[in-house]
Amino acid sequence: MDTTFLYAKINQYNQEINDCYEQIRKYEKDMEELEGLLERLRMYDSDFSDMQIKRKHNLSSAVSELSQQQRYSNNIINGFESSLNEVLYGSENDNAYRCMEEMICIVNREIRKKQIQIEECMKRIAVCNSSIASCENEIKAMEARQKEGMGSRL
């Protein structure tokens with residue numbers, strides 16, 4: 001093994017480091033987009049919850065008002081309340097919540113994947129830096145041996 005080979009290896013490691021940093025930038029950009037999406041999903045989830053609370057309150061107020069007016073039979077009021085409760089508390093509402101929670105979980109998993117990919121790149125960079133240091137130490141040792149060999153010839 002000669003110094004030319006070691007310098008070529010150093011160049012390869014430096015290129016690999018540059019490639020890793022390029023990948024990291026891409027992963028970070030992807031994470032920013034995913035975090036923006038996650039923020040929007042959380043806002044939608046909060047808005048949906050707020051809207052459901054208002055709807056439930058409005059239903060309660062409407063039923064109370066209808067009962068106080070005494071223009072409608074209890075059967076009509078109970079049927080009205082039951083129908084709207086099904087909308088507010090029923091399976092469609094549950095499906096909407098589950099869907100939103102699932103989307104948030106999916107985006108969180110994708111963010112975690114990007115974090116892991118960045119960690120893997122950072123580990124690879126550390127390995128490359130260690131390999132570069134080894135090559136540089138070997139080059140120094142070769143150069144020192146060459147100097148010793150020249151010094152003994154004089």
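This chain uses plain numbering: 1 for the first residue, then up along the sequence.
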To the nearest 0.5 Å, what is the distance between [atom1] on [X] and [atom2] on [Y]?
X    : Y    : atom1 : atom2 : answer
E16  : C128 : CD    : SG    : 3.5 Å
S134 : L6   : OG    : CG    : 10.0 Å
S131 : I17  : OG    : CD1   : 9.0 Å
N129 : E136 : CG    : CD    : 9.5 Å
E28  : E33  : CD    : CD    : 12.5 Å
M142 : I139 : CE    : CD1   : 8.0 Å

When hydrophobic residues are tied together by side-chain contacts of less than 4.5 Å, even through go-betweens, does [X] share a cluster with [Y]?
X    : Y    : answer
Y7   : F5   : yes
Y21  : V127 : no
M100 : I53  : no

Practice item. Answer with yes or no whether the side chains of Y27 and Q23 bring together a donor and an acceptor at under 3.5 Å. Key: yes
Exercise for review: Would you tell me whether Q15 and D19 have side-chain atoms, one donor and one acceptor, within less than 3.5 Å of each other?
Suggested key: yes
Practice item. Could you list the residues that satisfy salt bridge (Lys or Arg N to Asp or Glu O under 4.0 Å) with E138, not counting sequence neighbours? Key: R145
Review point. Within a strict 4.5 Å, meaning less than it, do heavy atoms of the I24 and M122 side chains meet?
Key: yes
Review point. Do NZ/NE/NH1/NH2 and the carboxylate oxygens of K54 and D50 come within less than 4.0 Å?
Key: no
Under 3.5 Å, which donor-acceptor pairs link side chains of residues 102-112 to any protein atom two or more places apart or in another chain?
{"unit_1": "N108", "atom_1": "ND2", "unit_2": "I104", "atom_2": "O", "d": "3.3"}
{"unit_1": "E110", "atom_1": "OE2", "unit_2": "K113", "atom_2": "NZ", "d": "3.1"}
{"unit_1": "R112", "atom_1": "NH1", "unit_2": "Q115", "atom_2": "OE1", "d": "3.2"}

Please list, one pair per line, the donor and acceptor atoms closer than 3.5 Å that link side chains of residues 35-49 to other protein atoms, with sequence neighbours excluded.
{"unit_1": "R40", "atom_1": "NH1", "unit_2": "G36", "atom_2": "O", "d": "3.4"}
{"unit_1": "S49", "atom_1": "OG", "unit_2": "D45", "atom_2": "O", "d": "3.1"}

Point to revise | CD (E22) with more than 12 external heavy atoms under 6.0 Å | key: no
